[in-house]
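Notes follow once the structure below has been shown.
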There are 2 protein chains.
Amino acid sequence: MTNQTAQSLAEVARYAGVSLSTASRALNDAYGVSAATRMKVLAAASDLDYVVSPDASRLARGTMGRVAVVVPHIERWFFGQMVSGIERVLSAADLDLMLYHVGDAVDRRDFLARLPARRKVDAVVVVAFPVNEEDRARLELIGAKIIAAGGQSASYPYVCIDDYEAGRLAMDHLLSLGHRRIAMIAGTDPDQPGWPAVSGRTRAYEEALRETGIEPDPSLTRVVDWGPLNAANAMEEILDSTQETPTAVFTHSDELAFGALRTLRRRGLRVPEDISLIGIDNHPMAEVLELTTVAQDVSEQGAAAGRLVLRALAGEGSAVAGTGEIAPIKLVTRSSTRKV
Amino acid sequence: MTNQTAQSLAEVARYAGVSLSTASRALNDAYGVSAATRMKVLAAASDLDYVVSPDASRLARGTMGRVAVVVPHIERWFFGQMVSGIERVLSAADLDLMLYHVGDAVDRRDFLARLPARRKVDAVVVVAFPVNEEDRARLELIGAKIIAAGGQSASYPYVCIDDYEAGRLAMDHLLSLGHRRIAMIAGTDPDQPGWPAVSGRTRAYEEALRETGIEPDPSLTRVVDWGPLNAANAMEEILDSTQETPTAVFTHSDELAFGALRTLRRRGLRVPEDISLIGIDNHPMAEVLELTTVAQDVSEQGAAAGRLVLRALAGEGSAVAGTGEIAPIKLVTRSSTRKV
DNA sequence: TTCTCTTTCGGAAGCGCTTCCGAAATTGTT
DNA sequence: AACAATTTCGGAAGCGCTTCCGAAAGAGAA
């Protein structure tokens, strides 16, 4: 029974003995076609192993059924989690996800100059990545909704954590353990010039200290590109540049903490006996390395972003500019921190 | 100068004062249209901020310009790297990448039942993930090329490492350091039933031992789902179930090694003083944790897979079934292994 | 200057589908 | 049984583009 495959609706219609339009209706509308003929068409379609060409369908219908997801780094944990969450809800909604890697400023320019005008997508999700007013305007002009994930925005709906709160959770934890001399390794992305240079996490560090009556010591602070090795170097610098070793280190992310951890171990400093260490993320390796951290569910944030897309496409008012979701965070105490 | 945007080629043609067909040719063919008129059209297009609708273009042309990338886990390092490499070459070739997450067998069934028939893509790259003969046939029927990444296949082009070789590199390293009592933590994916149960890495373990005159001891071996924590447990089991502690541990991946490392540390076993540890991958954390490993460049494998796609689409004979690329691997010696 | 050979361009068909519109068939009403 | 109200279905236009084909225009040859 090698039943041939139908490549077009026309073939199915002919096979079913109805007109093209009726066949189309049977497959979609479901109205204006009798149950009997619908069955006939459906049977024919199944017989011929036919499925509509979504492209032609959309061309005629005028919608895309696709959403772009733009990430600055595909390979990092955070972005993988995010994409995974987004994919989950988009695929459930039968939307296709087109992945775009936009590394540096050049890429970004290129991407925004091309995709938008190409009207290939109904929406674009930008992950931890800024879109300026002009680009936003262009995108909206062609009817593409914008959603931000992993970063706040006044111009479009977003989902992210409260970076300041996350920082405070970490810092307050250290302070409550009695730590006073606390170093910080801050993460930054040189390729994202538009991104707020000083994140809420840094602000949290400074304010938490000041509220405890401590003036932040610049020699205890380093700003590095995300990545464990950079943090490892920063940790060395910090240890070298100060006479009095800090009793705790707050890093902007777990991956930075891992790097710091390496340096500490190499220097013979035990964690947490000699020095406490805390990160942010709850990266899977954090559990393995017993790192105390501020947990966030990135995959779930991705899912939330996906839901924002769905709402925006449905034209619901709830997905308007500035409407954001703040994802929950939570201190996860492991054995990398202890009383001073 | 709020120049309005053109939504269709027709508008551009009118604006440029040429016919629709001429405008189309000016934008594509580049043949059969004089330089002067081409300039006119190009100027008009630029004036009106116009870009062709790739969908309509493809509908008319009959090609998709898209390739599906199917991964069982988006969020893991390996897959992130792979996708990142694929994306790099596809986007350079102006192909869109549609990402599909296919977790378990149900997803797989669903995916293969839908996408193929939907003729949405020109090719599909399956990452570390089996496609049976029937599915392959269906995909080819609709003209979609298949490429495998991170796994071998007799039915379509692939790119992967030689797992056996990788395992041998690791095992031979340990053996050459004098280790004789070597444990193994093997990785497996319960959601990938079609995947070879016993990978080349396991075979390498056994053969390397036997060649040295050692009969593999089952109590020194565990097979776990990928993920550090599982490996941590496996490591505990191994330590518990044997009187004589192994002098070295070979894990199928670095992430498994990380988990094993945790257990070893907790048990007070020093690496490498008391026990040597080796993995496969050269995961970024391996450098941080000083793990000796067998390095592979996964991103580059992704890029290679992308190139295979390009060749397959170009109809080149070099991308035929079974034609594979074996990516290079290399032992990276760090301080987690030493002479026994 | 007249007649070919090219080159350049417009017309029109068609990609596979949706959907408006009106004709035919069916059902209900009196 | 005759007529109106529905329902079901086919015809055809059109989504935005590509491309074949042939006409018009320009260039070259005689």
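Proteins get letters first, then strands, A, B, ... in listed order; numbering begins at 1 in each.
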Below the 4.0 Å mark, does C:dT18 have OP1 or OP2 next to a side-chain nitrogen or oxygen of A:S57?
yes
N-O pairing of B:R66 and B:D55 below 4.0 Å:
yes
Holding to side chain to side chain contact (heavy atoms under 4.5 Å, CB included), I want the full list of residues that pass it with A:T22, two or more places apart in sequence or in another chain.
A:V18, A:S19, A:R25, A:V33
Could I get the full list of salt bridge (charged side-chain N to carboxylate O under 4.0 Å, His left out) partners for B:R76, not counting sequence neighbours?
none
To the nearest angstrom, the CD-P distance between B:Q7 and D:dG16 comes to 8 Å
Report yes or no: do A:Y100 and B:D96 form a side-chain donor-acceptor pair below 3.5 Å?
yes
For B:G103, is there any backbone N or O sitting under 3.5 Å from a side-chain donor or acceptor partner on B:H73?
no
From CG of A:L27 over to C1' of C:dC17, roughly how many Å is that when rounded to an integer?
11 Å
Between atom CG in A:D55 and atom P in C:dG14, what is the gap in whole Å?
21 Å
Check the interface with nucleotides 6-10 of chain C: list each N/O to N/O pair with the protein under 3.5 Å, or write none.
{"residue": "C:dC9", "atom": "OP1", "partner": "B:S34", "partner atom": "OG", "Å": "3.2"}
{"residue": "C:dC9", "atom": "OP1", "partner": "B:T37", "partner atom": "OG1", "Å": "3.1"}
{"residue": "C:dC9", "atom": "OP2", "partner": "B:S34", "partner atom": "N", "Å": "2.7"}
{"residue": "C:dC9", "atom": "OP2", "partner": "B:S34", "partner atom": "OG", "Å": "3.3"}
{"residue": "C:dC9", "atom": "OP2", "partner": "B:T37", "partner atom": "OG1", "Å": "2.7"}
{"residue": "C:dG10", "atom": "OP2", "partner": "B:S19", "partner atom": "N", "Å": "2.8"}
{"residue": "C:dG10", "atom": "OP2", "partner": "B:S19", "partner atom": "OG", "Å": "3.0"}
{"residue": "C:dG10", "atom": "OP2", "partner": "B:T22", "partner atom": "OG1", "Å": "2.5"}
{"residue": "C:dG10", "atom": "N7", "partner": "B:S21", "partner atom": "OG", "Å": "3.1"}
{"residue": "C:dG10", "atom": "N7", "partner": "B:R25", "partner atom": "NH2", "Å": "2.9"}
{"residue": "C:dG10", "atom": "O6", "partner": "B:R25", "partner atom": "NH1", "Å": "2.9"}
{"residue": "C:dG10", "atom": "O6", "partner": "B:R25", "partner atom": "NH2", "Å": "3.3"}

Steps toward side-chain hydrogen bond (donor to acceptor under 3.5 Å, both in side chains) verdict (B:S24, B:S21):
CA-CA 5 Å; B:S24 173; B:S21 51; over 6 Å; no
Would you kindly give the CZ-to-P distance between B:R61 and D:dC20, to the nearest whole Å?
12 Å
note: A:N28, atom CG; C:dC20, atom P; distance rounded to Å ~ 13 Å
Helical bend (five base pairs per end, nearest 10°) for the helix from C:dT1-D:dA30 to C:dT30-D:dA1
50°
Residues at least two apart in sequence or cross-chain that pass side chain to side chain contact (heavy atoms under 4.5 Å, CB included) with A:A123, listed by chain then number, are A:V67, A:K145, A:V309, A:L313
My understanding is that only residues two or more places apart in sequence, or in another chain, count here; which of them pass side chain to side chain contact (heavy atoms under 4.5 Å, CB included) with B:A44?
B:V12, B:Y15, B:A16
Roughly, in whole Å, what's the span from CG in A:L59 to P in D:dT18?
12 Å
Base, sugar-phosphate or nothing for B:S24? Non-hydrogen atoms, less than 4.0 Å.
base
